[in-house]
Each structure stands twice: as structure tokens, then as C-alpha cells.
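Below is one structure, written out as C-alpha cells; comments come after it.
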Amino acid sequence: MTERAYPVSTFSGGPAVIEGGVTRSRADARRNRALVLQAARFAFEEEGLGVPLGEIARRAGVGAGTVYRHFPSKEALFRATVVERIELFTDTARDLAETPDPGAVFFRFLASVVRLASRNKALCDALEAAGAGRFEPSPGVGQDFDDALEVLLGRAQEAGAVRQDVGMADLRALLVGCLSMERARAGASAEEGEQGRMAALMCDALRPHRFVTKLPTGARNRNETWCEVCGAAVATARTGRPARYCGGACRQKAHRKRARTRQR
């Protein structure tokens, strides 16, 4: 007698076991991938591309084989962790493309990129390697960021807030160099509150010469007097009224500023 072939669905519990097993397997795979990405994100932020894959697996609580099943190489894992951060910068730049006061917007965006990326060694390594042509975060991602930044640059130049002779190649090189300098300054135990000085100097290099940015300074002593124009320490006057400016140049600047205000 020939046995009848029944579809799997006619057996009680058949598809539930199969589908349930597949579902659980996929859920486990997604969970492991998320664990690996999270561990890699923190590890790369702290140590950059030099962190071993075994250390990432240890932090994620999985085996090295699990890491390789999801990411065939350390560079692929590194790329996955960096892409979302660069895309966030790109989206922010696009959102700012029609904002009033394009000069101020451009400089605030640059300073924000430097501030956030300088704390993230992975981003520093990625931007430095991309600037040297050794790394592409993902097809189109780096170009999208450049395009969005170029729009902000063009609007700032049209407003007269940025030098006309600056191009994207200059801006990329300045960003990479500024990130490196901010990290070096932080590593040299600079005074608390001085973060951002290198970014301010970079922004001044991009401005027309008539504009100057006041540099961030460290924590101030409440008993000291500071120049109202440049923020430098003012020598304590032995007699008479306390000095308000560090010297004649700042005094003249303040006088001219008051004169312009009265004329408006």
C-alpha cells in the first residue's frame, strides 16, 4: 500500500515548531548583531581602528565567530559604526541649508562637528583616512556629507562671512587637522574649559580679516579683572578706578563699537 504524502501543515505542531525555530534564530541573530555593534561603537570611540576584534567580541559577550558571521572584517564593522554618525552630521547640515544668518550657522556647524568628533577616536580615524583617500565610509555617505557641507560653505561665502578663496579641499583638510589638534590639546591636559580653542582658530582662518573670534578660556578667578574686549587678564590698578581693558588697542576697539552703536 502506497503511503500518502501529507503536507507538513497537516501535522499537529509541525509549522509552529519550524516557524518558531526560524523566528527565534532570526531574533537571536538580530540581538547578537546589535550587541556587537554597540560594543564596537564604544570600543572604536575609545581606541579607534586599532582595537582587536577579540576585544569587541569580549565586550559584546559573544564569540569571535559570531562577530565574523555578521561582519566579514574589522573594517566592515568599523564602517558600520561610523556611517550612522556621519549620516547624522549630513542630516543636520541639510536641515540648516535654509536657515537665516548663513555665516553664523556655518561656523556653529563646523564647531559642533569638531567638538563631537574629537571625543570619538573612530570618527577622527575615519575622517583622517577619508581625507587621505584611504577610507570610504560607505558608497555615497562621504560624498553626501561633502555635498551638504558645500551648500553651507557656499551660502556663508555669498553672505560675505567666509573667504571667497576657500574650497572644499581646504575645508576638509582644516577639519581633519583641527580634530587632530583638539585631541592633542586634550591629551596635553589643557585647562578645563579650554576645549574649542582650536576650532575657534580654524574658524578665524576662514573668516575675512575684519572678523575675529573670541577664544574660549579656562576657568576664571573671581578676584581677577578681565578685558571686556578680548577677555585677557587686566593688571590690577593700584589707584583710581579698576581698568576695563588690557591696553590701548582694546580701549579703542570698544570706543569705536560704542560710536557705531550710537549712530544706528
Let me confirm one number: the [atom1]-[atom2] distance from [X] to [Y], rounded to the nearest 0.5 Å.
X: Met168; Y: Leu149; atom1: CE; atom2: CG; result: 4.5 Å
X: Leu116; Y: Leu88; atom1: CG; atom2: CG; result: 8.5 Å
X: Thr90; Y: Gln143; atom1: OG1; atom2: CD; result: 10.5 Å

Report task. Show your reasoning for whether side-chain contact (heavy atoms from CB on, under 4.5 Å) applies to Phe106 and Leu171. Result -> CA-CA 12 Å; Phe106 172 75; Leu171 195 52; 3.9 Å; yes

For [Y], does its backbone N or O pair with a side-chain atom of [X] as donor and acceptor, under 3.5 Å?
X: Glu182; Y: Ala117; result: no
X: Asp170; Y: Gly167; result: yes
X: Arg155; Y: Thr99; result: yes
X: Thr81; Y: Phe78; result: yes

Grab the two heavy atoms, one from [X] and one from [Y], that are nearest each other, plus how far apart they are.
X: Ser118; Y: Leu179; value: N-CD2, 3.6 Å
X: Gly103; Y: Ala161; value: CA-CB, 3.5 Å
X: Leu77; Y: Leu53; value: CD2-CD2, 3.7 Å
X: Leu174; Y: Met202; value: O-SD, 3.7 Å
X: Glu55; Y: Val51; value: CG-CG2, 3.8 Å
X: Gly160; Y: Pro208; value: O-CG, 3.4 Å

* If we only count heavy atoms from C-beta on, is the Arg79 to Val83 side-chain gap below 4.5 Å? ->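 Heavy-atom side-chain distance check passes, below 4.5 Å.
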
Residues pairing under ring-ring contact (aromatic ring centres under 6.0 Å, His included) where one sits in residues 151-175, two or more places apart or in two chains, turn out to be none

Classify the ring geometry between Phe109 and Phe89 as parallel (under 30°), tilted (30 to 60°) or perpendicular (over 60°). perpendicular

TODO: Any side-chain hydrogen bond (donor to acceptor under 3.5 Å, both in side chains) involving residues 158-167? Give me the pairs, sequence neighbours left out, ordered by first then second residue.
DONE: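 Output for this query lists Arg163-Asp165.
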
| query | Is Glu47 salt-bridged to Arg59, going by a charged N under 4.0 Å from an acidic O? | reply | yes

